[in-house]
Amino acid sequence: TAFPASRTVILTGAASPRGIGRASAHYLAERGWSIGIIDLDAEAAKRVAEEIALEHGVAAAGAGANVADEDQVRAAFDELEGSLPQIVALVNLAGVSSPVPYLEVTAEEWNRVLDINLNGVHYATRRAVESMVKHGVGRVVSLSSVSAQRGGGTYSKTPYSAAKAGIIGFSRSVARELGQQGITVNVISPGPIDTDIMGGTLTEERKEKMAADGVLPRIGSPRDIAAAINYLISEDAGFVTGQTLNVDGGLYMH
Ligand code: NAD
């Protein structure tokens, strides 16, 4: 099925000022996508949507939801779907870091990270594909991490790596089940990207050290990830599904 001329991409976790989500929303709006933003911070989600509508002249709306709460996720989708063109794509970016050493991980920390970083991806994906199957076309992209593939080693530790690795198995399975319905499901696995997710610990010195570790001697920018998202949700990427695209400067090769 061809893409409709007027189409919406929903991005979760796209409200933080220096985040990958906000940069990606701008990048996609510039290329004609209407934008729906779901974030824990409802006010910021609406602000970013307004700024995008003004700057790029596309339809855009924001809604608040904790992605770990399925009812809130479904309500946010209902709200956005009511005011935006057909939902063709979902990008799961909402996530939290977790630098706690394994021997200090409490049940609470384990559940917090898995609830947001893995269950949240399931809740949003499930709701989005329910809309996509009605039109026989859809694109889902979720953000994993190089730390899922290399065993941590960047900033976050075990619960984060487990959740991010879970996203890969989840995506392959949903890809297999929904291919017949015109829906592709893929993963992007970024290396260290210059955002605020590491809670102010990403100093210039640390950036240089991380950069020296890679094949390409720099850390990544939100734009590096936005460009990969733009490809995977494009109409022309319709023969690519169940894949994990590493956008990490060559940190992990396989
Ligand atoms: P960020 O902290 O700038 O953005 C995360 C966004 O998610 C924020 O807008 C935040 O409000 C939102 N969020 C957090 N918890 C939420 C919840 N429970 N419900 C709804 N929204 C919630 O981080 P970022 O660096 O832009 O990361 C985006 C994604 O990319 C994350 O999934 C992250 O794990 C992944 N990633 C980032 C890096 C990196 O180095 N920055 C590397 C690999 C993967």
Side-chain angles (χ1 to χ4, degrees), residues 10-27 36-49 62-77 90-99 111-124 141-150 152-157 159-168 171 187-202 206-207 210-211 213-214 218-226 228-229 244-249 251-252:
I10 305 282
L11 303 102
T12 70
S16 76
R18 294 184 64 249
I20 296 167
R22 174 165 170 262
S24 300
H26 275 278
Y27 193 95
I37 292 174
I38 296 176
D39 202 282
L40 196 54
D41 187 341
E43 286 317 302
K46 290 182 198 302
R47 252 199 327 275
V48 171
N66 176 357
V67 293
D69 182 323
E70 187 165 22
D71 291 340
Q72 288 185 27
V73 170
R74 297 189 72 88
F77 267 91
L90 165 70
V91 186
N92 287 302
L93 297 125
V96 289
S97 56
S98 177
N111 291 330
R112 180 184 78 94
V113 176
L114 272 288
D115 281 348
I116 297 170
N117 289 6
L118 182 57
N119 294 357
V121 169
H122 157 55
Y123 299 144
V141 171
S142 303
L143 278 275
S144 180
S145 167
V146 68
S147 66
Q149 321 227 41
R150 294 214 322 172
T154 49
Y155 172 69
S156 282
K157 294 191 162 63
Y160 183 86
S161 295
K164 292 298 187 183
I167 287 174
I168 296 174
S171 299
V187 174
I188 291 173
S189 181
I193 308 296
D194 192 0
T195 72
D196 293 325
I197 200 172
M198 299 178 220
T201 60
L202 196 57
R206 201 173 150 75
K207 278 188 214 172
M210 281 179 155
D213 214 23
R218 66 174 174 90
I219 73 161
S221 69
R223 192 184 174 90
D224 291 320
I225 307 304
I229 292 170
T244 300
L245 178 55
N246 302 311
V247 185
D248 64 1
L251 269 181
Y252 177 75

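Whatever order the structure lists them in is the order used to number ligands and atoms, beginning at 1.
Residues that satisfy the side-chain hydrogen bond (donor to acceptor under 3.5 Å, both in side chains) test with T12, not counting sequence neighbours, are absent from this structure. With sequence neighbours excluded, the residues forming a side-chain hydrogen bond (donor to acceptor under 3.5 Å, both in side chains) with R112 are E109, listed by chain and number. Residues satisfying the side-chain hydrogen bond (donor to acceptor under 3.5 Å, both in side chains) test with R18, not counting sequence neighbours, are D194, D196.
Salt-bridge annotation for D248 and R150: absent, with no side-chain N of the basic residue lying under 4.0 Å from a carboxylate O of the acidic one.
Remark: the D115 side chain and the N119 side chain contain an N/O donor-acceptor pair separated by less than 3.5 Å.
Heavy-atom minimum distance, L118 versus G166: CD1-C, 3.7 Å.
Near ligand 1, residues G13, A15, S16, G19, I20, D39, L40, A65, N66, V67, L93, A94, G95, V96, I116, L143, S144, S145, Y160, K164, P190, G191, P192, I193, T195, I197, M198 each place a heavy atom inside the 4.0 Å sphere around the ligand atoms.
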